[in-house]
Amino acid sequence: YLSILDTKNGANEENLAFLRQMMTENLQLESTHYSNFFALEPFKAQEYFSQPAQLMIVHKDFAQRGTIRYNSPQNIVMESWMEANYINDPRKFWYHQAKRMQDIQITPVYYDEDYTKVSMFSVIQGLYHQRRFYGVVGVGVLIDDFLEEIEHKSFGHTGGLFIADYQSGALLSKIGDLNSAKLNFLNVTDRMSSNLYTSDLKQSFWKDVLTQNIFYQEVTVSNGERYIVSSKRFVSLPWTLVGFQKVSELKQTEPVKMTW
């Protein structure tokens with residue numbers, strides 16, 4: 001939608017209002033998206049806004065999270081910054097990662113200290129014209145929303161999903177809450193607190209499960225119980241989604257097929 005700013009007068013108020021409306025409408029339809037944003041190179045910020053830099057973020061109100069007001073368009077916030085720190089600071093990898101490569105990319109998880117003050121990862125796309133970099137557009141995904149959707153998924157009483165980093169073995173999501181039957185599989189109640197390669201959870205099969213796409217494999221966990229696991233590696237991140245369920249319970253139900 002940034003092309004609507006390509007006018008003789010740059011970012012006039014009418015076109016800018018329409019752009020904000022489009023960003024807001026897209027945001028309210030996606031429950032796991034926290035923000036939409038764009039940031040421009042200096043020459044493009046000067047052309048559109050007569051400023052040395054321009055970062056615009058349309059985001060939900062974190063204080064409203066968990067209420068019906070969270071996704072309401074009237075509660076969505078628009079903010080903009082005209083300082084060039086995102087251009088000059090290589091630690092703003094959501095910008096500089098897009099500058100290095102034209103493909104759609106996913107950033108690592110980060111805490112957005114300077115702008116939205118939340119933990120997230122971003123899906124980003126560099127803006128290029130004839131190989132010249134103009135800036136970046138992106139979507140911010142709140143890590144809490146993303147992980148909760150996975151953590152709340154259950155297969156029967158004993159099964160569920162989790163995400164791990166297949167390079168480091170770090171368990172990114174938790175397995176369950178206190179007293180959950182899922183914890184018989186892996187007793188992990190906190191995010192990013194355990195490692196499947198190095199901690200007391202370490203077992204020989206984890207390397208294969210996390211580094212491959214596995215449709216169906218039986219494993220024995222530390223308490224001696226037998227479980228079925230399936231795994232699917234992400235395309236653009238070093239993460240693997242793993243599904244699990246106790247063998248004795250699975251035999252009473254239909255197998256889970258992880259096809260995404």
Side-chain angles (χ1 to χ4, degrees), residues 30-34 65-68 70-71 106-109 118-121 123 141-260:
E30 299 290 344
S31 60
T32 58
H33 292 181
Y34 182 71
R65 185 171 176 265
T67 72
I68 59 174
Y70 185 58
N71 288 308
I106 303 177
T107 72
V109 175
V118 296
S119 293
M120 64 169 67
F121 63 90
V123 183
V141 180
L142 201 64
I143 195 64
D144 285 334
D145 287 340
F146 180 74
L147 291 181
E148 283 177 3
E149 186 169 347
I150 291 166
E151 291 163 347
H152 291 166
K153 182 68 175 178
S154 295
F155 306 130
H157 297 291
T158 64
L161 297 171
F162 69 85
I163 286 183
D165 186 314
Y166 64 72
Q167 293 180 341
S168 67
L171 188 54
L172 304 180
S173 56
K174 65 182 181 179
I175 301 299
D177 298 317
L178 290 175
N179 302 316
S180 169
K182 296 179 184 178
L183 299 180
N184 291 326
F185 178 65
L186 292 173
N187 188 21
V188 178
T189 57
D190 295 308
R191 296 172 184 162
M192 305 180 193
S193 63
S194 300
N195 191 297
L196 297 174
Y197 293 167
T198 62
S199 70
D200 56 356
L201 303 176
K202 178 181 178 181
Q203 290 185 275
S204 59
F205 57 79
W206 281 126
K207 202 79 172 179
D208 290 338
V209 170
L210 296 188
T211 57
Q212 302 177 44
N213 293 329
I214 294 176
F215 175 72
Y216 182 101
Q217 179 177 330
E218 287 196 25
V219 300
T220 302
V221 295
S222 57
N223 62 6
E225 296 283 359
R226 297 288 293 174
Y227 280 79
I228 298 297
V229 296
S230 301
S231 60
K232 181 71 173 179
R233 281 178 47 172
F234 283 50
V235 174
S236 302
L237 279 175
W239 296 356
T240 300
L241 180 67
V242 180
F244 62 92
Q245 191 172 11
K246 198 172 181 179
V247 170
S248 59
E249 183 181 44
L250 183 60
K251 288 180 178 179
Q252 303 170 17
T253 60
E254 291 296 320
V256 175
K257 296 181 180 181
M258 296 175 62
T259 57
W260 49 83

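In this structure S193 satisfies the side-chain contact (heavy atoms from CB on, under 4.5 Å) test together with V188, D190, sequence neighbours excluded. For D165, there are no salt bridge (charged side-chain N to carboxylate O under 4.0 Å, His left out) partners at least two apart in sequence or on another chain. Residues passing the side-chain hydrogen bond (donor to acceptor under 3.5 Å, both in side chains) test with Y166, sequence neighbours excluded: R233. A search for ring pair (Phe, Tyr, Trp, His ring centres under 6.0 Å) contacts involving Y197 returns nothing, not counting sequence neighbours. The side-chain hydrogen bond (donor to acceptor under 3.5 Å, both in side chains) test applied to N71 returns K60, not counting sequence neighbours. Taking E149 as the reference, nothing meets the salt bridge (charged side-chain N to carboxylate O under 4.0 Å, His left out) condition, with sequence neighbours excluded. For Q203, there are no side-chain hydrogen bond (donor to acceptor under 3.5 Å, both in side chains) partners at least two apart in sequence or on another chain. Among residues two or more places apart in sequence or in another chain, the side-chain hydrogen bond (donor to acceptor under 3.5 Å, both in side chains) test is passed with T158 by E249. Annotation: salt bridge (charged side-chain N to carboxylate O under 4.0 Å, His left out) contacts of E30 (sequence neighbours excluded): none.
Listed for the Q167 side chain is no donor-acceptor partner under 3.5 Å among the backbone atoms of P238. Side-chain atoms of S173 never come within 3.5 Å of backbone atoms of F162 as a donor-acceptor pair (strictly under, hydrogens ignored). Looking at T220, its side chain never comes within 3.5 Å of a backbone N or O of E225 through a donor-acceptor pair.
A distance of 11.0 Å separates CG in L210 from CG in L241, rounded to the nearest 0.5 Å.
Listed by first then second residue, pairs satisfying salt bridge (charged side-chain N to carboxylate O under 4.0 Å, His left out) with a partner in residues 150-163 read E151-R191, not counting sequence neighbours. The salt bridge (charged side-chain N to carboxylate O under 4.0 Å, His left out) pairs that include a residue from residues 166-176 are K174-D177, where partners are two or more places apart or lie in different chains. For residues 208-223, the set of pairs meeting the salt bridge (charged side-chain N to carboxylate O under 4.0 Å, His left out) definition, not counting sequence neighbours, comprises E218-R226.
The number of heavy-atom neighbours closer than 6.0 Å to CG of N223, taken from other residues, nucleotides and ligands shown, is above 12.
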Inset, instruction - Please lay out, stage by stage, how V209 and T240 fare under the test side chain to side chain contact (heavy atoms under 4.5 Å, CB included). - result: CA-CA 9 Å; V209 170; T240 300; 5.8 Å; no
Legend entry - Y227/N184 under side chain to side chain contact (heavy atoms under 4.5 Å, CB included): CA gap, chis, key distance, verdict: CA-CA 10 Å; Y227 280 79; N184 291 326; 3.5 Å; yes
Legend entry - side chain to side chain contact (heavy atoms under 4.5 Å, CB included) evaluation trace for V229 with F205: CA-CA 11 Å; V229 296; F205 57 79; 5.8 Å; no
Inset, instruction - Test side chain to side chain contact (heavy atoms under 4.5 Å, CB included) on L172 and F146 and set out the steps. - result: CA-CA 11 Å; L172 304 180; F146 180 74; over 6 Å; no
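Of all the heavy atoms in L201 and W206, the pair that sits closest is O-NE1, 3.4 Å.
Checked options V118, D144, I143; the residue passing with Y34 is V118 (criterion: side-chain contact (heavy atoms from CB on, under 4.5 Å)).
Between F244 and F185, the ring-plane angle classifies as parallel under the 30° and 60° cut-offs.
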